[in-house]
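Everything below concerns the one structure shown next.
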Amino acid sequence: MKYLVIHLKTTVFSVLIMLLCSCTDRYDYPIPPASFEETVLPPPVKVTLSKESSEWKMFVDGEEFYIKGACTNGFYGMPAEFGANVIRTYGVSDDSRRILDEAYEAGLYVNFGLYMKKEADGFDYDNEEAVAQQLEAMKNDVIRFKDHPALLCWSIGNEAEASYTNIKLWSAINDVAKFIHEVDPNHPTTVALSNSDPAKILHIIDMAPEIDILSINVYAPTLPNVINNLAAAGWEKPYMITEFGPRGTWQMAPEPTRILDWGGLVEQTSTEKATIYLQSYQDHIFANKSNGCIGSFVFLWGYQTHGAVLTWYSLLDKKGYTSPAVDAMQYAWTGAYPANRAPIIEDRDDILMNGKKAEENIKVAKNSDNTASVVASDPDGDPLTYDWMIMKEGTFSSDGSLPPPMEGLITDHTAATISFKAPSATGGYRLIVFVRDDANKKVATGVIPFYVN
């Protein structure tokens, strides 16, 4: 299959003039010579896996390739600017072809997601007709995209086993992988798990032998356990860490001071998160290159559109400004930080509400007068701007992302120190500050949860 990119050279104005002057009716108009330019994309790359001197390696067209990846939900070509070489998607959509093209233009490959339906969402893997229909849909997707030059590998399902009970899931995954091997000799298969539970890995070994690479989504507290769990299960093929980052909102029990008595969760500053991203990569991902780890994907390149706390994992803000974690990942991928660094909010002592930090279970009265402040700096001495907002816990925009700020509460949201009125309704809220270096499109964030009595 050839992939074509069409470039329209004729301007909209010229087309309108032709329509007005040359057409006898709306279906009869001339197309000028050279209006379109056709570009044929190269053939697909050949991706292979080989164990050399007891170390698994990936090769792309014969050249060794270590995955420096980003999980993406937008800004698809941007990771290349910071040293990444692969992006990850989660399922097929109307944008899939555009994402592949954008990645190709940026010099990136794609870990292409095929979304396996989940038992937790009501899918029944005992329903043979439904399983067959899912397989047929995936066959069509594989045929459609298998020859794109940006394709690196096929990821069959993302955490499809989360809260599952029916092990027929693994047979269904294997059927997809088997079909891929029959029609696509160029790209390996993988499946992404929600953790490194040895029991799940054993099921894959027994029931899904067509899987070439194991993928694991795992966050800071449990990332160190992966290598031992793989050994316990007897996994002998390569693996990837396909999501990593700071402790998740579902993993907070070991840090009780970050769980407020009304249920709110205390978030780290963007600078604190950057430290964790870098340590995770250096100590538990790249350090295991000789133990079968062929790469990883940082979570999340873009801004969150789901989750309990919508600022928890966003490496970018909604303006597309990059955070300190992006600086950290460039260092991890290339050995050098960007020439211009993101602003710094050193730790949670540097963002206060009424003189208290987030862990102090801040509670205020309805419509009460309050203050907040942040201490931020810029490593390059660039001027900084401040943008504060208040949101009610659990609210979001139509796309699932951070909602617009509540209006009429903050006197001046552009200062380092602000005065504001508490909302008039009882409940949990989050006070968020974005500290930006607008000239270089960099951002730092800090958050304080509070409760209105």
With sequence neighbours left out, the residues meeting side-chain hydrogen bond (donor to acceptor under 3.5 Å, both in side chains) with Q268 are none
Who passes side chain to side chain contact (heavy atoms under 4.5 Å, CB included) against V131, sequence neighbours left out? F123, Y125, A172
Does any N or O in the side chain of S270 come within less than 3.5 Å of the main-chain N or O of T445, such that one atom is a donor and the other an acceptor? yes
Quick check for you: to the nearest 0.5 Å, what is the distance between T305 atom OG1 and L310 atom CG? 8.5 Å
Selection residues 186-206 - residue pairs positive for salt bridge (Lys or Arg N to Asp or Glu O under 4.0 Å), sequence neighbours left out: E161-K200
Report yes if the distance between the aromatic ring centroids of W312 and Y219 is under 6.0 Å, otherwise no. no
Presence of salt bridge, R98 and D95, under 4.0 angstrom: yes
Qualifying residue, where the test is salt bridge (charged side-chain N to carboxylate O under 4.0 Å, His left out) with K442 and the options are D437, D327, D317: D327
Might you point out which heavy atoms bring N361 and D261 nearest each other, and give the distance in Å? OD1-N, 2.8 Å
Are any of the side-chain heavy atoms of T189 and H181 separated by less than 4.5 Å? yes
Hey, is the main chain of V47 close enough, under 3.5 Å, to the side chain of H187 for a donor-acceptor pair? no
Using atom types as modelled, flag every donor-acceptor pair under 3.5 Å from a side chain in residues 66-75 to any protein atom, sequence neighbours excluded.
| unit_1 | atom_1 | unit_2 | atom_2 | d |
| --- | --- | --- | --- | --- |
| K68 | NZ | W333 | O | 2.9 |
| T72 | OG1 | R88 | O | 3.0 |
| N73 | ND2 | Y303 | O | 2.8 |

Indicate yes or no: at least one non-hydrogen side-chain atom of E210 is less than 4.5 angstrom from one of F179. no
Test item: T269 side-chain N/O and I345 main-chain N/O as donor-acceptor pair under 3.5 Å: yes
Here the gap from L41 atom CG to D101 atom CG, rounded to the nearest 0.5 Å, amounts to 6.5 Å
Any donor and acceptor pair, going by atom type alone, linking the side chain of T222 with main-chain N or O of V218 inside 3.5 Å? no
Take K319 and F434 through the test side chain to side chain contact (heavy atoms under 4.5 Å, CB included) and record every step on the way to the result. CA-CA 11 Å; K319 289 187 172 186; F434 299 91; over 6 Å; no
Between CG on residue N158 and OG on residue S194, distance to nearest 0.5 Å: 9.0 Å
Does the side chain of W235 come within less than 4.5 Å of N229's, by heavy atoms? no
Minimum heavy-atom distance between D212 and P238, given as atom pair plus value: O-CD, 3.6 Å
Would the distance check show the side chain of E55 and the main-chain N or O of G292 forming a donor-acceptor pair, the cut-off being under 3.5 Å? no
Closest heavy-atom contact between A358 and V447? CB-O, 4.2 Å
Is any side-chain heavy atom of I216 less than 4.5 Å from a side-chain heavy atom of N195? no
Could you list the residues that satisfy side-chain hydrogen bond (donor to acceptor under 3.5 Å, both in side chains) with Y115, not counting sequence neighbours? none
Distance-only, no hydrogens or angles: does the T89 side chain make a donor-acceptor pair with backbone N or O of G91 under 3.5 Å? no
Pair F82 and W301, ring centroids less than 6.0 Å apart: yes
Nearest-0.5 Å distance that lies between atom CE in M58 and atom CD1 in I213: 4.0 Å
Shortest non-hydrogen separation from T311 to Q304 and the atoms involved: C-OE1, 3.7 Å
Just to verify, what does E52 make a side chain to side chain contact (heavy atoms under 4.5 Å, CB included) with, not counting sequence neighbours? S50, K57, F59
Residues that K178 engages under side-chain hydrogen bond (donor to acceptor under 3.5 Å, both in side chains), provided they are two or more places apart: none
Do V443 and V435 come close enough that some side-chain heavy atom pair is under 4.5 Å? no
For residues T190 and N111, determine if any side-chain heavy atom of one lies less than 4.5 Å from a side-chain heavy atom of the other. yes
What is the distance from atom CD1 of I87 to atom CZ of F297, rounded to the nearest 0.5 Å? 9.5 Å
Could you walk me through whether N288 and N291 pass the side-chain hydrogen bond (donor to acceptor under 3.5 Å, both in side chains) test, one step at a time? CA-CA 5 Å; N288 282 315; N291 295 319; 2.8 Å; yes
Tell me whether the count of non-hydrogen atoms from other residues, nucleotides or ligands lying under 6.0 Å of NZ in K117 goes above 12. no
May I ask you to check whether over 12 heavy atoms, not counting those of F396, lie within 6.0 Å of atom CZ? no
Within residues 387-400 or reaching into it, pairs that qualify as side chain to side chain donor-acceptor pair (under 3.5 Å) - sequence neighbours excluded: D387-H413, D387-R436, E393-R430, D399-S401
Is it true that K289 and E64 have a side-chain N and a carboxylate O under 4.0 angstrom from each other? yes
Take a 6.0 Å sphere around CD of E255 and say whether it holds more than 12 heavy atoms from other residues, nucleotides or ligands. yes
Any pair counted as side chain to side chain donor-acceptor pair (under 3.5 Å), so long as it reaches residues 273-287, sequence neighbours left out: E267-K273
Non-neighbouring partners of L135 that pass side chain to side chain contact (heavy atoms under 4.5 Å, CB included), sequence neighbours left out: K139, D175, V176
Quick one: does any side-chain atom of S96 pair with a main-chain N or O of S93 as donor and acceptor, under 3.5 Å? yes
If only atom types and distance count, is the side chain of E346 paired as donor or acceptor with the main-chain N or O of T271 below 3.5 Å? no
Are the side chains of K146 and W154 in touch, meaning some heavy atoms are under 4.5 Å apart? yes
Does L214 reach the side chain of L193, with side-chain heavy atoms less than 4.5 Å apart? yes
Mutual orientation of the aromatic rings belonging to Y313 and F299 [parallel < 30°, tilted 30-60°, perpendicular > 60°]: perpendicular
Just verifying a value: how many Å separate W262 CH2 and Y451 OH, rounded to the nearest 0.5 Å? 8.5 Å
Closest heavy-atom pair and its distance - E359, R258: OE2-CG, 4.4 Å
My understanding is that only residues two or more places apart in sequence, or in another chain, count here; which of them pass ring pair (Phe, Tyr, Trp, His ring centres under 6.0 Å) with Y104? none
Distance-minimising heavy-atom pair for I201 and L230: CD1-CD2, 3.8 Å
Tell me every residue that passes side chain to side chain contact (heavy atoms under 4.5 Å, CB included) with N186, counting only those two or more places apart in sequence or in another chain. P44, K46, D184
